[in-house]
There are 2 protein chains.
Amino acid sequence: MTSILNVPAANQLLVELPEVERNAFMAACDTVELSFGEVLLQPTETFTHVYFPIDSFISLIVVIDTEKQLEVAMAGREGMLGSSLVLGIDEAPLLALVQGAGSALRIDAGAFQQLLLSTPVLHQRLKRYIYVVMKQLATSAACNHFHRIEERLARWLLMTQDRAGTDQLNLTHEFLAMMLGVRRAGITLAAIAMQTRGLIRYQRGTITVLDRLGLIEASCECYSDDCALYAKMLPVL
Amino acid sequence: MTSILNVPAANQLLVELPEVERNAFMAACDTVELSFGEVLLQPTETFTHVYFPIDSFISLIVVIDTEKQLEVAMAGREGMLGSSLVLGIDEAPLLALVQGAGSALRIDAGAFQQLLLSTPVLHQRLKRYIYVVMKQLATSAACNHFHRIEERLARWLLMTQDRAGTDQLNLTHEFLAMMLGVRRAGITLAAIAMQTRGLIRYQRGTITVLDRLGLIEASCECYSDDCALYAKMLPVL
DNA sequence: AAGCGTCGGCACGCTAGCGTACATAACGCT
DNA sequence: AGCGTTATGTACGCTAGCGTGCCGACGCTT
């Protein structure tokens, strides 16, 4: 298992739905473009829409205070933003920040909840997705606590690469520092080490993944655990 | 807000249910005694039962390897073990360890899933509970990353006291070290500091909370955030 | 071509917490 | 009373990462 994602350019929670469900969904949704840095939701804000990224992806971030924040989950085309609504809660638990620009399917929150009533297959799949997210949140808690910056950075780059679908990532050290909840200088050191080993190359805001397998080896097992979890719980059908 | 829990000696997810739902539930469940140290479930094991603690409580633990483990959630009489089944998943995401001996209501996993079909109020309440747990998992991730041992220990003691319902806790430094994912010696130092300040007293496996308010002040805001979240999402009705 | 803002390299002293190891102290048995 | 077991105190050197600040380099703008 080297990636969460299989290739199709569609949201993977929506592929291979029964015809009826697919049509019902498509009738209710529209396509929107998300741009980098856009904040889709602040914590405790009310959901107006649910998003199913196609080639965009979204970071879910815990904000403790202005200085302290930490990404705890990502939603790309393997996932969604707004899973709380599946539980009947219309409040956002986390800060949702667009981390990779691109398109997403969007559906009105109310319409989405209505829709779920008549789409059992989708509904069940989204419940599985919630389970996956919960398990990943738990793993992240341990990962952030036990693993070192370099391992975590490697994992993060891999996860991002999977969702971005390219080996060129537009990221500054500053940004990575916020995601991992560490100093900018800490990222610089880790990045230098990884560049020296030939795993990545970077320059002024661009990181290129050179050696994916090497990166996987440099990352903590949390990455492959995540992939395995996806594969098991949400196989691309 | 000084505690998650209001007083009644019953599981709070089950109080004030409609008569019909309550009866249906009670008909399907029985009462069991849980003893300290009992492992109710290993990760990826299949649920056979769901537990609603009455005066017992359960730690949910991420195990990375034998050396590295970390408690990420607790289930006492404010919660349950087996919420994944509400999502239709019969696999345990985490290690479940009985941390406080006592009784719990237990219900067969299959019967529980059947029951949910005819108990909409309960079902909705349990979905809210899942939301709360998710948000707490996310908070925990940040807390374990950013906050220092002493703050985390204070938080942990408060959470435990709420669920144990007594100010005498039977806990060794060793055990606390496992829960927080730190060295035993690290706990000893933090505990000494807290004892010196008159917040707690302890001796050979017993910790007594002397100054609850002082402890709250010594803890990170994560504690009161948790309490506030409960109060908001699962008010004792 | 010059200037400016952003990005990355680097260095300083500092702290929290680690791994380890050993000593003492309390308790529970027999 | 003596013994082993378990819990706690403490000390050592070590590491990762912190906060900060400064400098140089790149690249965009004008």
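In what follows, chains are A, B, ... by sequence order, proteins preceding strands, each numbered from 1. Heavy atoms only: backbone and side chains are in, while hydrogens, waters and symmetry mates are out.
The residue among A/Gln203 and B/Ala191 whose nearest nucleotide of DNA chain D lies closer to the 5′ end is B/Ala191. Looking at which nucleotide of DNA chain D each of B/Leu189 and A/Glu150 is closest to, the 5′-most match is held by B/Leu189. Checking B/Val182 against A/His173, the closest nucleotide of DNA chain C that is more toward the 5' end is the one next to A/His173.
Taking atom NE2 of residue A/His145 and atom P of nucleotide D/dA16, one finds them 16 Å apart after rounding to whole Å. Per the geometry, CD1 belonging to B/Ile192 stands 14 Å off C1' belonging to C/dA25, to the nearest Å. A straight line from CD1 of A/Ile187 to C1' of D/dT20 spans 17 Å, rounded to a whole angstrom. The separation between A/His147 atom NE2 and C/dC18 atom P is 14 Å, rounded to whole Å.
Contact check on A/Asp162 versus A/Arg212 returns a salt bridge, with a Lys/Arg side-chain nitrogen under 4.0 Å from an Asp/Glu carboxylate oxygen. Looking at A/Glu91 and B/Lys232, a side-chain N of the basic residue comes within less than 4.0 Å of a carboxylate O on the acidic one, giving a salt bridge. With respect to the salt-bridge test (charged N to carboxylate O, under 4.0 angstrom), the residues A/Glu174 and A/Arg183 do not qualify.
Considering only side-chain atoms of A/Arg148, the nucleotide from D/dA16, C/dC27, C/dT20 that sits closest is D/dA16. Comparing atom distances between the A/Thr172 side chain and each of D/dG27, D/dT20, C/dG8 picks out C/dG8 as nearest.
Listed in residue order, the members of residues 64-74 of chain A having a heavy atom less than 4.0 Å from DNA chain D come to none.
Nucleic acid contact for A/Ile149: sugar-phosphate only, since backbone atoms but no base atoms lie under 4.0 Å from a heavy atom of the residue. Contacts of A/Ala185 with the nucleic acid, taken as non-hydrogen atoms under 4.0 Å apart, include base atoms. Looking at heavy-atom distances under 4.0 Å, B/Gly186 makes no contact with the nucleic acid at all.
Scanning atom types as modelled, one donor and one acceptor separated by under 3.5 angstrom connect the side chain of B/Arg183 and the base of C/dG19. One N or O donor and one acceptor, one from the side chain of A/Arg184 and one from the base of C/dG9, sit under 3.5 Å apart. For B/Arg204 against D/dT8, no side-chain N or O and base N or O form a donor-acceptor pair under 3.5 Å.
No more than 12 heavy atoms of other residues, nucleotides or ligands lie within 6.0 Å of CZ in A/Arg201, so this atom counts as exposed by the packing criterion.
The distance between the ring centers of B/Phe57 and B/Tyr51 does not fall below 6.0 angstrom.
Annotation: side chain to side chain donor-acceptor pair (under 3.5 Å) contacts of B/Ser35 (sequence neighbours excluded): B/Glu38.
For A/Tyr202 and C/dG9, the shortest distance from a side-chain N or O to OP1 or OP2 is below 4.0 Å.
By the 30° and 60° cut-offs, the orientation of the rings of A/Trp156 relative to A/Phe175 is perpendicular.
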